[in-house]
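Computed from a prediction, not measured in an experiment: that's the story for all the values here.
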Amino acid sequence: MEINHQRFYFTFIIFLLLSLSSISHAAVVRYAIVVGNNIGIDANGKQPFPPLQHAEREAISLYNRLIELANFDASHKRTILLTGASRDEILKAAATIASQKKADEQLYDKVDSLFAFFFSGHGQSGRLLLQDKPLSTADLVQIFHKINATLQLGVFDACYSGSLDQAALAEKGAKLTPGVNLFNELPQEVLLSEGSIWLVSSGAGEVSYEDSELGGVFMHFFTEALEKAPRDGIGITLDSIWDYTRRNTVAYTADRDRRQIPQQFVTRLKSSGPLYLSFPNNRSSTLILAEELKGRVILEYADGQFFEVIDKQQGDRKEIKIFPGTANVKFIDSKENLIQESFQFNNNSIIILHTPQEHSIIASLGRKSKKLWAKGSYHSLYAREFIPAVTTSIGVEARQGISSRGILLPASSVLASIRLDHTHQFISLALGYGYTKDHFISWSYYLNAISTSIVAGIASDINTSIGAFRFSGGAALNATHMRQEFATGGIRTRYAFGTGIDASVFYVRPQWSLQLSLLAGPIWAPGVEQGSNSSLAIYGNGGLSLRYRL
């Protein structure tokens, strides 16, 4: 039985395939077949090796990584996972991908293609052992020729295997068996085709190791590198992944007297610039496709190494999260007119594409707007950018309050306020006048009050077809100076101090907004009767304000 680790290189190679975009500077559509078989049947219908323990699980893990990090399409017609596969299932998968590739060539204006074949399992005499019968080198050649991608890649588990802890390996019921080097078996027309990339987890005559704690040594450090290798621009480059994986694999195995040196082979590959392997960065910028747009948007990063297609229907608003950095955006309208432009997306920036008829906007508090360009026949497409900035708005607010019975506080207030917003943070200051009165059987009073408050917190935006909304929540502090005049002629000056939670929602327009707010919390305030002391009470109010952005 062989414990295969070149399958770990599968992922590594797949990302190398991204170099295709550097060759032609066109978008790259990716296709892959990922096969994992624990059981292998030879040409005589026998099972020559004990079942593997992890081949199928590792194939599933690899498939998920391709979808999550390498921009492979989750569609079963472009990225196909097969576990416990038969020969006919693999050939059928190849036919599915070949058919989808032809459809994609008609669908997209200009694309290159990438096809990667991954196999994790047993091999024998130049064949890949499957659930029913072997897959021969002739079958592999047929698969590659049938798909006929711009760059085609085959990765097979084909080196020697071993264990850092042979005692632990024996406890699993496994035995060490030399693997079969399929690289020596494949036809030269496949091995030497232009743009071929082959990776092996160890050099000629060496073994690949599986550790009882880490699992496959190369796989462990390769997977770790996808997250921890140094990042450059929108993602992690091939050079960075390779350096991290190779360096840690060599160090770990050498430290245990089982030195393993991964090898890389590149045949007639023309490339320049960084090749990105994974994209673990946060998508902190946003591209908005406004309601009136109708057509197809093609989004490309790093000369097409990361490629996304968005079909936009009229009346729907789409918000697409974007990696900070340079991205090329192509818009193909319903009449097949093409408009394209490169955008620089800064961290937390928002770019909206819209038509002249577009009436909706985005919530622009905490951002400033600038027009980028207008293109197309009669300026059919506009681009506008909203970038983080401090914005100032002033408002007039009417508030109605309620409090515990017998507490002296204004029932109605009118306040003027100024608010500063920056992306998702805000602070607001308010000053206002309040009034209330009350009549009892034997006495009455009038109250005039001057109120001040400060609110600070965070906000979040929601953009809809009917407009933009900004939701805010924060902590509030307030102080009130009160002059209470009794019908008997007495005058009393008192103070109230409170804190609370303030929540508000804005309906945002380009220069003005309508705000609805609610505040509730404890307050230290005097009683209404003459001579009463201050006490702790519960107070709340609600307000409606009109705000104007300066």
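Interatomic distance, E385 CD to R367 CZ, rounded to the nearest 0.5 Å: 10.0 Å. For the atom pair CD1 (I523) and OG (S403), the distance works out to 8.0 Å, reported to the nearest 0.5 Å. Considering CD1 of I394 and OH of Y548, their distance stands at 8.0 Å, rounded to 0.5 Å. Note that CZ of F506 and CG of D461 are 10.5 Å apart. Values are rounded to the nearest 0.5 Å. Taken to the nearest 0.5 Å, the OG atom of S532 stands 5.5 Å off from the CZ atom of R494.
The shortest side-chain heavy-atom distance between I350 and F345 does not fall under the 4.5 Å cut-off. Between N541 and Q400 the shortest side-chain heavy-atom distance does not fall below 4.5 Å. A 4.5 Å side-chain heavy-atom check between K368 and K370 finds every atom pair outside the cut-off. Side-chain contact between L82 and V34 is absent, with no heavy-atom pair separated by less than 4.5 Å.
Aromatic ring orientation, W443 versus F440: parallel (interplanar angle below 30°, classes split at 30° and 60°).
Using a cut-off of 4.0 Å between Lys/Arg side-chain N and Asp/Glu carboxylate O, E529 and R405 are scored as not salt-bridged. Of the charged side-chain nitrogens involved, at least one lies within less than 4.0 Å of a carboxylate oxygen, so that K330 and E300 count as a salt-bridged pair. Salt-bridge check for K318 with D316: failed, with every basic side-chain N at 4.0 Å or more from each acidic carboxylate O. Salt bridge D104/R78: present, at least one basic N to carboxylate O contact under 4.0 Å. Between K294 and E292 no salt bridge is recorded (no basic side-chain N to carboxylate O distance below 4.0 Å).
Under 3.5 Å, the side chains of Q484 and T493 contain no donor-acceptor pair of N or O atoms. Looking only at atom types and distance, the side chain of S393 has no donor-acceptor partner in the side chain of R549 under 3.5 Å away.
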Chi angles and distances behind the side-chain hydrogen bond (donor to acceptor under 3.5 Å, both in side chains) call for K321, S285: CA-CA 6 Å; K321 301 305 293 184; S285 301; over 6 Å; no

Take R547 and S417, measure what side-chain hydrogen bond (donor to acceptor under 3.5 Å, both in side chains) needs, and give me the verdict at the end. CA-CA 9 Å; R547 308 193 66 85; S417 65; 2.7 Å; yes

Given side-chain hydrogen bond (donor to acceptor under 3.5 Å, both in side chains), test R399 with S517 step by step and report yes or no. CA-CA 9 Å; R399 281 184 173 265; S517 59; 3.0 Å; yes

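A pairwise comparison of heavy atoms in A327 and L299 identifies CB-CD1, 4.0 Å as the closest pair. Here the closest heavy-atom approach between residue L431 and residue T452 is recorded as CD1-CG2, 3.3 Å. Closest approach of S513 and V508 over heavy atoms only: CB-CA, 4.0 Å.
Annotation: cation-pi pair R283/F323 present, NZ/CZ under 6.0 Å from the ring centroid and within 45° of its normal. For R296 and F331, the positive end is not near the middle of the six-membered ring at less than 6.0 Å and at most 45° from its axis.
In this structure, Y507 has its ring center closer than 6.0 angstrom to the ring center of F469.
Atom CD1 of I402 has 12 or fewer neighbouring heavy atoms from other residues, nucleotides or ligands inside a 6.0 Å radius.
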